[in-house]
Amino acid sequence: MSHSSSKREMSARARWQAWLPKLVLAPSLALVLFFVYGFILWTSYISFSASDMLPNYTWVGTHQWSRLWGSWTWGIALHNIWVFSLLYIVSCTLLGLLLAILLDQRIRAEGLLRTIYLYPMALSFIVTGTAWQWFLNPGLGLEKTMHELGWTSFSFDWLINADMAIYTVVIAAVWQATGFVMAMFLAGLRGIDGEMIKAAQIDGAPVWKIYLRIIIPQLRPVFLSAVVVLAHLAIKSFDLIVAMTGGGPGNATTVPATFMYSYAFSRNEMGIAAASAVFMLAVIAALIVPYLYSELRGPRS
Amino acid sequence: MTVISNVVKGLGCVLFPLALAAPAHAADVEVLNWWTSGGEAKALGVLKDDLAEKGIGWKNMPVAGGAGTNAMAVLRSRVASGNPPTAAQILGFDARDWAQRDTLANLDQVAQEQNWSEVLPQALQEFTKYNGHWIGAPFEIHSTNWVWGNKALMDKLGIEQPKSWDDFLAALKKAKDAGYIGLAYGGQPWQDATVFENVVLASGGADFYRQALIELDENALKSDTMVKAFDQLRELLTYKDSNSSGRDWNLATALVINDKALFQIMGDWAKGEFDNAGLKPEQDFVCFRTPGTQGAVTFNSDQLIMFKTDDPQQKEYQETMAKTIMSPDFQIAFSQLKGSVPARMDLSADKLDACSQKGYEQVKQAADADKLMGSLAHGYAAPASVKNAVFDIVSSFVNSNMDSQTAATQLARAVQGAKS
Amino acid sequence: MSTTAPISRASMWPRIVLYAVLIVFAALFLMPLYVMLTTSFKTLAEIQQGNMLALPEQWTLTPWLEAWGSACIGLDCDGISGYFFNSIKIVIPAVVISALFGAFNGYVLTKWRFRGHKIVFGLILFGCFIPFQIILLPMARVLGVLHIANTTTGLVLVHIVYGIGFTTLFFRNYYETFPNELIRAAMLDGAGFFTIFFRILLPASGPIIVVTVIWQFTNVWNDFLFGVSFTSGENAPVTVALNNLVNSSTGVKAYNVNMAAAMFAAVPTLVVYVLAGKYFVRGLMSGSVKG
Amino acid sequence: MSFLHIDNVKKRFGDTTVLKGIDITIEKGDFLVLVGPSGCGKSTLLNMIAGLDSISEGELRLNGEVISHVHPSQRDIAMVFQSYALYPSMTVAGNIGFGLEMRKVPKPEREKAIKNVAQMLQIESLLDRKPAQLSGGQRQRVAMGRALVREPQLFLFDEPLSNLDAKLRVDMRTEIKQLHQRLKATIVYVTHDQIEAMTLATRIAVMRGGELQQLGTPHDVYDDPNNLFVAGFMGSPSMNLIEARIEKDGEELVAWVETADDRLKLPVVRDREALGAYAGRRVILGLRPEAITDSRSANHQDGIIYEAALNVEIIEPTGADLYVVTMLGGREVNARMRSGTAVEVGQSAPFAFDVARMVAFDPESEARIR
């Protein structure tokens, strides 16, 4: 092999090796750029267009947006998602933290209990919704069971009560996600330096005070992650509502996700549907982008 | 970023030929529909058999769920991708929407041969014609201002068939006082709207119905008459049971069948449930026009629209299909199974059951008196966007303590919002 | 091992209360599953008369058989078995392909970094947090254009595309812990891009493969939104069929059949969860927290 | 002709220049140690020799061939990494043989080679184990085996001993030294530990801030440092650096140093000519601790001994030696005395200065004056 030819050959191989990684990444990036960002752009454009049954690219400015904000159902949807998210996030976080702390007391059957608390997360929202719909059905479920057990004045008709139906969705959603939040907190608790706690004990602090003053403040990153994940789950919630209440009674449990689906697919209002979807994206992006930014900017290069 | 844009371009080059390679057309007709329940499927079977006799293969494309919502979504993606089915089952304003987009075949020739413009009622022609051309073949006419009653219960409680709205409420009260459910009620938006349009027609009359729900006049929508209609709806709702939320219409019908409830306000497809239970009209159960709406009929009609095609064979099939649907024999046979009445006004009602005979006569009279009007709940009064806006308000009203004045105001606002 | 303080031995009462609370919660968490299971073995008559919490007086398998083979969903009365297999047809290729994408992406993003690799990762990652409502409309159109609307193939594509974010995250975080010197050593040894991946990284990726597969399997199997938006009729996945079964009625609501069908839809993910719970948790965690 | 020639090699990352033109030449069989504090660019330079980092400017030649842009696997180079970088999923034998496998060496030959190397490193019993089952020292051996089996023209070591505990580090150091002598291999070795550099190297390159400070034998670098940095970096305890003033004392050139209460006059014998120009100016004197000692230990044969009595500030016995600290020119100065020398803190004691080993630096440029 002559000197110069070998050099040329090597640099060709080096160039190929330098390109290969980008080439391998390219399909994923292309897919994501097209199917995520391209679609976001498309939907954003549609929200400013005259689209109704089919896409119509005539520009109509903010017409669809003002129709969205003038819509009666959208008001209900926003109110519902606000109530739902708040209750869901707060309940899951508090219950999850409580369970994690209780489980962290050197419990005998910890593995088993953990499994029980966590299994709902493995279920589809559709299954969860089906089960809870049946469970809370006033005619046949919990209410009837209580009556049969002798508590005849017991009344639980939330599922079909327009004012209360959203809370039944919260109950089912909390049931599903609490175990997951518990697992996050448990991992956080196990990561805390034991010597610090020993030091606090030697200082004579009671157990509850150790938790309140020393341990829980250290779980701040877990709180942040839990809230971000739960908020993102809440805004995306669609399946559970469809399976449990179908958005009803009436439209009492409509949320932005079901609103969008119904406007896009049954009301021939693609423009409004697009506007509502863009709004949802904006809310999630406001939550997620700073989170991702801080995660990615981190010390790892 | 140039790398990425090149990749995207490349991907486009790979994907586009794929997209253009349309699948070959089979020698069948492909009919998209959402007739998935027993009676409906049987009725459709009549068409299938008729076509089979003519040597035309049948590729059923039933899309279940969502009362046609899913079917419309599928249809949209098929049309958008340039691969529409031969024909599709469709309701009211949706047919117009497709025609507006110039996607439908012209059925003028068949219509002329069979003289459709003479035999179909004018109100229905509004939807089967677009810009003077025929775009759809109607299967039947359903009407929605029917009350279905439990005969045994009426006899037991000494209730006569009510003639006026007040009689109607009195009868419901009697049943309620005796421990029965007065009104069998299904709590889904379209059912709320069905009852609502009955109440509007009963309290405001045919002209008001037309003004408010078809012409969508803002003043009519927020008028005192509309407030009164909401008041009457509120009163009517006191006779339903508390567990009605989300109930399907046929489960409500079952309450009447099983002697649990006295009346149900529902379209004539409810008759199928009585048939299935082995009950005879006018003997075991009664049917009558919603009190206060006599003389007028709110209707809906399934029609088959055909999609434009360049395939001469498919064109021929489409015309054969349209011809078959509009043939007198088919119209009668179909309605027998579906519980409806024929869309043609020139047929003999002999072969229909008692309720349908009565209904057919009433439809003809209403058509002559220009009191045959599209049902709002089924997309024959206003476009889907308006229809659903009305659903929103009515359902909210039904499921809350909203007062009638607010409801009327919100209704006018929602309709305006959806119209613009 | 717990790091927290052991409770003093002197008083037993706090321990008893602690266990009582934990057991009450466990009962609450198990209740819906218990009710689903018992209901699915009861006859309809027993459901209407009896107590929801009681065990079946007459155990019957009929609801299960009916849910599997003969319950009516729309026009077809073939039960959910066909839809169950649809889900399997979707889940296997979707999981395998998206995991493969994720593995390669994670490999490139940690071991073959280039300018802007963080931006690329951020772009990919953000894709798993978007509300999918925003892509429903254009996706429906693209599937139509590609002639895979209303097919399981179409759903496979959708799940691959929107699964890449998470699989990339998993593999990236895992390969991040692999020393870069390993790659350099292999390069000096004469291994190229693919050899390094297949011979050195992949054989050591067992744990993360399990996590990714479980995560993707659960996500794809449990999906409803994509299924209901992009398929219908006989091509729908099992979750959509379950919803249609439960919410469509032909006279009487067969709650026992509904519950049996729900169990069918739940069993695969439950089995995975019970068999590989440890990895399941790890998957959930790495999907959310990293620090 | 030189064996490895690093010719004005530069490395830039964006706007920052990490290596500012390095020139190093070594011969076949040389053991070159690149030493310097962390961030000095020594690892970057090693990676550039390996081909793992690209060269921004300059040229690399190995055995006469330009290898600047040759792919790492084609350079005939083997490398031992700081973390050992053993492939976790392969056995020890697989790890050692992987490079041969990639070069398509037939299996029987490969196995023979693996066995030979394993024997040489005494890891034959470990061949079937996975890296996770090995101790630190064993992993280190496997990593070396992986390099040795290839019989490359050049071995590169990137701080290979830094992950071992102190005792093992000394043992492995000896072993690497023996290997080098036995195989007559050419080695480039990176470390931040100047003792490792001194013990192993035939040539030392001291680096700082991307610049080569001095290239030479261990003796050169230790006794004849090029500048203040090299003087301070090499040796432990490091060289005493003492402020002084150069003055002409008739024919003699002397350096005046401040003591605690007086002035000390040290005659200048080295680099007199150059230092002559500094008469009347301040300089920094450099004296190794062993060049300041007790009278009996002083090298009276070769050295030029100048004795003075100074106050003892601190005494640090290390067993073999006794380090005595006194103050000179306002700074602490370490003197290395024989163990058992009778000194007492706070008392005056005699110190013997070997002025023949005394070097001097310019306080501004920090360069050696010679």
query: How close do Arg106(A) and Arg15(C) get, heavy atom to heavy atom, and via which atoms?
result: O-NH2, 3.0 Å
- prompt: Which answer fits Leu292(A), side chain, backbone, both or neither, if we ask what part of it has an atom under 4.5 Å from a heavy atom of chain C?
  reply: side chain
Closest heavy-atom pair and its distance - Pro55(A), Arg141(C): CG-CD, 3.6 Å
query: Are the side chain of Tyr273(C) and the backbone of Leu123(A) linked by a donor-acceptor contact shorter than 3.5 Å?
result: no
message: Restricting to non-hydrogen atoms, name the atom on Ser28(A) and the atom on Asn105(C) that form the minimum distance, rounded to 0.1 Å.
response: OG-ND2, 2.9 Å
message: Between Ile214(C) and chain A, with a heavy-atom cut-off of 4.5 Å, which part of the residue counts as in contact: side chain, backbone, both or neither?
response: neither
- prompt: Can you say whether Tyr119(A) sits under 4.5 Å from chain C via the side chain, the backbone, both, or neither, judging by heavy atoms?
  reply: both
statement: When the 4.5 angstrom heavy-atom criterion is applied to Ala200(A) and chain C, the contacting part is neither
message: Can you classify the ring geometry of Tyr117(A) versus Phe25(C) as parallel (below 30°), tilted (30 to 60°) or perpendicular (above 60°)?
response: perpendicular
query: Can you say whether Leu157(C) sits under 4.5 Å from chain A via the side chain, the backbone, both, or neither, judging by heavy atoms?
result: side chain
field: Distance-minimising heavy-atom pair for Pro131(C) and Ile284(A)
entry: CD-CD1, 3.9 Å
task: Pick one of side chain, backbone, both or neither for Ile164(C), based on which atoms fall under 4.5 Å of a heavy atom in chain A.
output: side chain
query: Okay, side chain of Thr218(C), backbone of Ala122(A): is any donor-acceptor separation there less than 3.5 Å?
result: no
query: When the ring planes of Tyr255(C) and Trp134(A) are compared, do they come out parallel, tilted or perpendicular, using 30° and 60° as the limits?
result: parallel
query: Can you say whether Leu287(A) sits under 4.5 Å from chain C via the side chain, the backbone, both, or neither, judging by heavy atoms?
result: neither
- prompt: Which bit of Ile235(A) comes within less than 4.5 Å of chain C, counting heavy atoms only: side chain, backbone, both or neither?
  reply: neither
task: Kindly assign one of parallel, tilted or perpendicular to the pair Tyr162(C) and Phe35(A), based on the angle between their ring planes and the thresholds 30° and 60°.
output: perpendicular
query: Can you name the one residue among Val242(A), Thr130(A), Val127(A), Asp239(A) that meets side chain to side chain contact (heavy atoms under 4.5 Å, CB included) with Asn243(C)?
result: Val242(A)
- request: Please state whether the side chain, the backbone, both or neither of Val272(C) comes within less than 4.5 Å of a heavy atom of chain A.
  value: neither
- line: Bottom line for Met280(A): the part with an atom under 4.5 Å from chain C's heavy atoms is both
- line: When the 4.5 angstrom heavy-atom criterion is applied to Met139(C) and chain A, the contacting part is both
